[in-house]
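Each remark here refers to the structure printed beneath this line.
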Amino acid sequence: MSWLTILWLVPAVAAVAVLTVPAGRPDIAKWLGLGATLVVLACAIGLAVGYDPNGARYQFVSDVSWIPSFGARYELGLDGIGLVLILLTAVLMPLLIAAGWHDADHSGSLDDSGGRRQKGPHTYVALMLSVQAMVLMSFVATDVLLFYIVFEAMLIPMYFLIGGFGTGDHRAAAAVKFLLYNLFGGLLMLAAVIGLYVVTARADLGVGGGGTFSLPAITEAVARGDLGASTGVMSLLFGGFMIAFAIKAPLWPFHSWLPDSAVAATPASAVLMMAVVDKVGTFAMLRFCLQLFPEASRTFAPLIAALAVIGIVYGAILAIAQTDVMRLISYTSISHFGFIILGVFALTTQSQSGATLYMVNHGISTAALFLIAGFLVSRRGSRLIADYGGVAKIAPVLAGTFLVAGLATLSLPGLSPFISEFLVLIGTFTRYPVAAVAATGALVLSAIYILWTYQRMMGGPPKPIEGPGAARRTMPDLGGRERLVVAPLLALLLVFGFFPQPLLTLINPTVAHTVSTSGTENPAPAIPPGGAR
């Protein structure tokens, strides 16, 4: 059994094992889930140690016949981009299990007959582990059909995490909206996957003739010009893949499911969605769109870059207008995903390295900010910004960590998102200077929504807690478990803010190969007339 199989199989088996734990022992279920995520973290570190950045394109390869009748294979391979996202997932998952330790203890919801029902922590932990298993497989799958299956399957546990364990009266509607949006994109992708197989069958790319779903085989055929499909057909296939990934990412205007879902979910499962699951969309743009459809990617890159810039500005403006702190953070993610997608489709090595690094840094910073905001909301029982004030005076550690995470979100120099955003912008400027300038202007908006939010919630005199149950609610500072969750995230923001080279060493060779495969070259910076002496 290969290491890549063990990587995703550990959480998958643990998810089943958690469900077998007796109903009266929820702590055992939680500890089992936490232990499984730590084993995955150890496996991910082992893969990172054994990975050679200057070695083969795909490493730790597994290739076993799966469905021979139409060329589908259980084909796995690890590259530098997949590796850093696996490390991100492996680091975040133990922290999310710990952060949501009590999320499913008392749901307080009512059944159809009006009776009180209790949601089991077993199911909650099993769903979290199921999502992790499928996300990890998506980062290593090099068979297009295998990738599609896990790409769609991860929607089911996320749907139940949002609708079954979320909060608020609209969690069911938010879960359905999440599922419908993503299923629509998945149907388009399924049609494109079938179309791609037909194209490969006509080109006799499969073993012994017929079609294939093998990404390396199709990519090599595209590079040689042996696929034989027209430009129009390849553009349609590109559209099917791209729309599915744009919804998952999410890219404006396919974004509207995200704020509702993030607010309805528990903070831990919302972070799982925004910091981990949504990265599958941007990762797939690099792995599949650019390599399978290089000509179509170059053709539609200006349009996608324009949509990304709109998303950057739109997300920032909507964040400023929010009165709900969790919804505000959700809109900041839409803005940040715009930077990532802009970097991908600027089609330069600097922008794509920055976009990949941004995926990691956004995952860390969003996890920190959303979880800290969740800890804050759990104390007061309100998501409204206007209900807070003076938190810094009564809970200084909570306020201080919120500030650091917020400053990371606005890409303050010295914190890890800065260097990734800088790489995206300078890489984009050489190809799309107007887009780069417009995106840079949005940084001012990010400073407004973060600093203004901090001032309103953390500054000034403390506000008294009002409303039902106010006498039972207090505003204590971060506890031991909460500090244990937040401390590694803030440490990573600082370490990668000053020393991102370990990640870039893994990322750069894969990005260089992707740029070469997509048939693009880094444009030389333009020198204005009279600029040279």
Please say which of Asp79, Thr219, Thr514 ends up in a side chain to side chain donor-acceptor pair (under 3.5 Å) with Arg287. Asp79
Name all residues meeting the side chain to side chain donor-acceptor pair (under 3.5 Å) criterion together with Ser335; count only those two or more places apart in sequence or in a different chain, and write none if there are none. none
Would Phe254 and Tyr181 count as a close aromatic pair, with their ring centres under 6.0 Å? no
Should we count CH2 of Trp66 as having more than 12 external heavy atoms under 6.0 Å? yes
Could you tell me whether the side chains of Ser353 and Thr356 share a donor-acceptor contact shorter than 3.5 Å? no
Strictly by modelled atom types, are Thr266 and Ser269 linked by a side-chain donor-acceptor pair under 3.5 Å? yes
Interatomic spacing from NZ in Lys279 to CG in Leu85 - rounded to 0.5 Å: 8.0 Å
Less than 4.0 Å between a side-chain N and a carboxylate O, is that true for Lys248 and Asp278? no
Can you tell me if CZ on Phe429 sees more than 12 non-hydrogen neighbours from other groups inside 6.0 Å? no
Would you be so kind as to tabulate the donor-acceptor pairs closer than 3.5 Å made by side chains of residues 127-141, with sequence neighbours excluded?
residue: Ser130; atom: OG; partner: Ala126; partner atom: O; Å: 2.8
residue: Ser138; atom: OG; partner: Val135; partner atom: O; Å: 2.6

Does a donor on one side chain and an acceptor on the other come within less than 3.5 Å for Ser333 and His362? yes
Would you give me the side-chain donor-acceptor pairs under 3.5 Å for residues 303-319, sequence neighbours excluded?
residue: Tyr314; atom: OH; partner: His255; partner atom: NE2; Å: 3.3

CZ-OG1 distance between Phe60 and Thr5, expressed to the nearest 0.5 angstrom: 12.5 Å
Decide if the gap between the ring center of Trp101 and the ring center of Trp31 is smaller than 6.0 angstrom. yes
Can you run down the side-chain hydrogen bond (donor to acceptor under 3.5 Å, both in side chains) pairs that involve residues 493-503, sequence neighbours left out, and say none if there aren't any? Gln501-Thr505
Can you give me every donor-acceptor pair (side chain of residues 436-449, partner residue at least two apart or in another chain, under 3.5 Å) with its distance?
residue: Thr440; atom: OG1; partner: Ala436; partner atom: O; Å: 2.7
residue: Ser446; atom: OG; partner: Leu443; partner atom: O; Å: 2.6

Value rounded to 0.5 Å, distance of CZ in Phe375 from CG in Leu478: 7.0 Å
For Phe151, ring-ring contact (aromatic ring centres under 6.0 Å, His included) partners two or more places apart: Phe147, Phe245
